[in-house]
Amino acid sequence: MSGHGLSPGRPIADAFLQERGLSPEDRLAVTEELLAQATHHEEVLLGFAVVRKAVGRSFDESLLDRLRYWLEHFVWNWAQCDDLCLTVLYPFFLTRTPALTRIQHWTGSRSPWCRRAANVALVKFVSRKIRSSRYMLPRELILGNAHRLLADPEPYVQKSVGGC
């Protein structure tokens, strides 16, 4: 990550996408190809940077199944997990906050990164002003995810709950 908190792949992805004018579906295809072939951390972040601007309004809630798959098969560290949560999931949920409840079952995933994402994806919504109104996450959602993950054996999942 750069010193400014931005993925180093963002400027590259933005320039590539502006030049090519790819549709949201094409961006998703490029991302999945990058993720499938990634052997370096930066390639994973580049994949997320390619799709991040398209998720706000371009996809329906079925995208969450794909994002779960990415977490379970292509993410291998906490930085990638958090980048996906903050740059892809957050803009996705901004336009459909009720869908936040659809990731509760991620707490039962075999992947520690998917379990971590079930909490990290909620962070920016704990108390957030959205479009001049305040959206508060249902307490049951926050506490439910935290309760399900409280005894998780993985340290990075524990850190998403506030443990360790």
Side-chain angles (χ1 to χ4, degrees), residues 5-7 9-10 13-14 17 22-36 44-150 152 154 156-163:
L6 297 177
S7 167
R10 281 191 190 179
D14 288 346
L17 296 168
L22 297 178
S23 70
E25 292 78 19
D26 289 341
R27 288 176 181 223
L28 194 58
V30 168
T31 294
E32 290 188 334
E33 188 67 28
L34 279 166
L35 295 175
V44 173
L45 298 182
L46 179 61
F48 299 155
V50 167
V51 78
R52 72 183 167 83
K53 287 188 178 179
V55 298
R57 298 192 194 285
S58 301
F59 300 102
D60 63 22
E61 290 181 22
S62 66
L63 179 65
L64 292 173
D65 296 329
R66 271 186 148 139
L67 298 179
R68 179 179 178 156
Y69 183 85
W70 296 357
L71 285 159
E72 292 177 337
H73 295 90
F74 301 129
V75 169
W76 65 77
N77 67 46
W78 70 269
Q80 294 166 355
C81 175
D82 290 10
D83 190 77
L84 178 68
C85 289
L86 300 175
T87 67
V88 178
L89 277 167
Y90 178 67
F92 177 81
F93 285 130
L94 270 177
T95 59
R96 46 186 85 65
T97 49
L100 281 161
T101 60
R102 294 215 34 220
I103 63 171
Q104 285 179 298
H105 69 280
W106 289 8
T107 60
S109 174
R110 297 172 102 189
S111 165
W113 308 119
C114 193
R115 296 193 309 273
R116 177 180 172 84
N119 268 354
V120 174
L122 304 178
V123 168
K124 287 184 134 183
F125 289 98
V126 171
S127 177
R128 178 64 101 213
K129 194 170 190 171
I130 299 173
R131 288 188 214 96
S132 74
S133 65
R134 186 162 291 284
Y135 176 81
M136 292 291 291
L137 277 177
R139 186 173 291 166
E140 318 78 63
L141 179 60
I142 300 166
L143 296 177
N145 281 5
H147 179 73
R148 282 186 289 281
L149 296 172
L150 202 52
D152 196 287
E154 294 291 329
Y156 287 104
V157 175
Q158 280 293 308
K159 289 177 189 230
S160 79
V161 178

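If you're wondering where the values come from, they're calculated on a predicted model, not measured in any experiment.
- When side chains are defined from C-beta on, Leu71 counts as touching Cys81, because their heavy atoms get closer than 4.5 Å.
- Counting only heavy atoms from C-beta outward, the side chains of Leu94 and Tyr90 approach each other to under 4.5 Å.
- In terms of the side chain to side chain donor-acceptor pair (under 3.5 Å) criterion, Ser58 has no residue partners (sequence neighbours excluded).
- Without hydrogens or angle criteria, Thr95 side chain to Gly56 main chain gives a donor-acceptor distance under 3.5 Å.
- Partners of Trp106 under the side chain to side chain donor-acceptor pair (under 3.5 Å) rule, at least two apart in sequence or in another chain, do not exist in this structure.
- The shortest side-chain heavy-atom distance between Val44 and Trp76 falls under the 4.5 Å cut-off.
- Side-chain N or O atoms of Glu33 include none that pairs as donor or acceptor with a backbone N or O of Ala29 at under 3.5 Å.
- Taking OH of Tyr69 as the start and CZ of Phe74 as the end, the distance is 5.0 Å to the nearest 0.5 Å.
- Classification of the Trp70-Phe48 ring pair by plane angle, with boundaries at 30° and 60°, yields parallel.
- Judged by the 6.0 Å and 45° rule, Arg96 forms no cation-pi pair with Phe93.
- In the model, Ser62 has no side-chain atom that pairs as donor or acceptor with a side-chain atom of Asp65 under 3.5 Å.
- Distance alone, capped at 3.5 Å, is enough to place a donor-acceptor pair between the Arg115 side chain and the Arg110 backbone.
- Under 4.0 Å is where a charged nitrogen must lie from a carboxylate oxygen, and between Arg66 and Glu32 at least one such pair does.
- The side-chain heavy atoms of Arg68 and His105, taken from C-beta on, include a pair separated by under 4.5 Å.
- Val55 pairs with exactly one of Leu28, Leu89, Val88 by the side-chain contact (heavy atoms from CB on, under 4.5 Å) rule, that one being Val88.
- Residues satisfying the ring-ring contact (aromatic ring centres under 6.0 Å, His included) criterion with His147, sequence neighbours excluded, are absent altogether.
- For the side chain to side chain donor-acceptor pair (under 3.5 Å) test, no residue two or more places apart in sequence or in another chain qualifies with Glu25.
- By the salt bridge (Lys or Arg N to Asp or Glu O under 4.0 Å) test, Glu61 is found to be paired with Arg102, residues two or more places apart in sequence or in another chain being considered.
- Contacts of Asn145 classified as side-chain contact (heavy atoms from CB on, under 4.5 Å), with partners at least two apart in sequence or in another chain: Gln104, Thr107, Ala118, Asn119, Leu122, Leu141, Arg148.
- Note on Asp82 versus Arg116: salt bridge recorded, some NZ/NE/NH1/NH2 to OD/OE distance being below 4.0 Å.
- Considering every non-hydrogen atom in both Trp78 and Tyr156, the closest pair reads CD1-CE2, 3.5 Å.
- The main-chain N or O of Asp83 is found under 3.5 Å from a side-chain atom of Thr87 such that the two form a donor-acceptor pair.
- Side-chain contact check for Leu64 versus Phe92: some heavy-atom pair is nearer than 4.5 Å.
- Formation of a donor-acceptor pair under 3.5 Å by the Gln158 side chain with backbone atoms of Leu150 is found in this model.
- The nearest pair of heavy atoms linking Leu45 to Ala79 is CD2-O, 4.4 Å.
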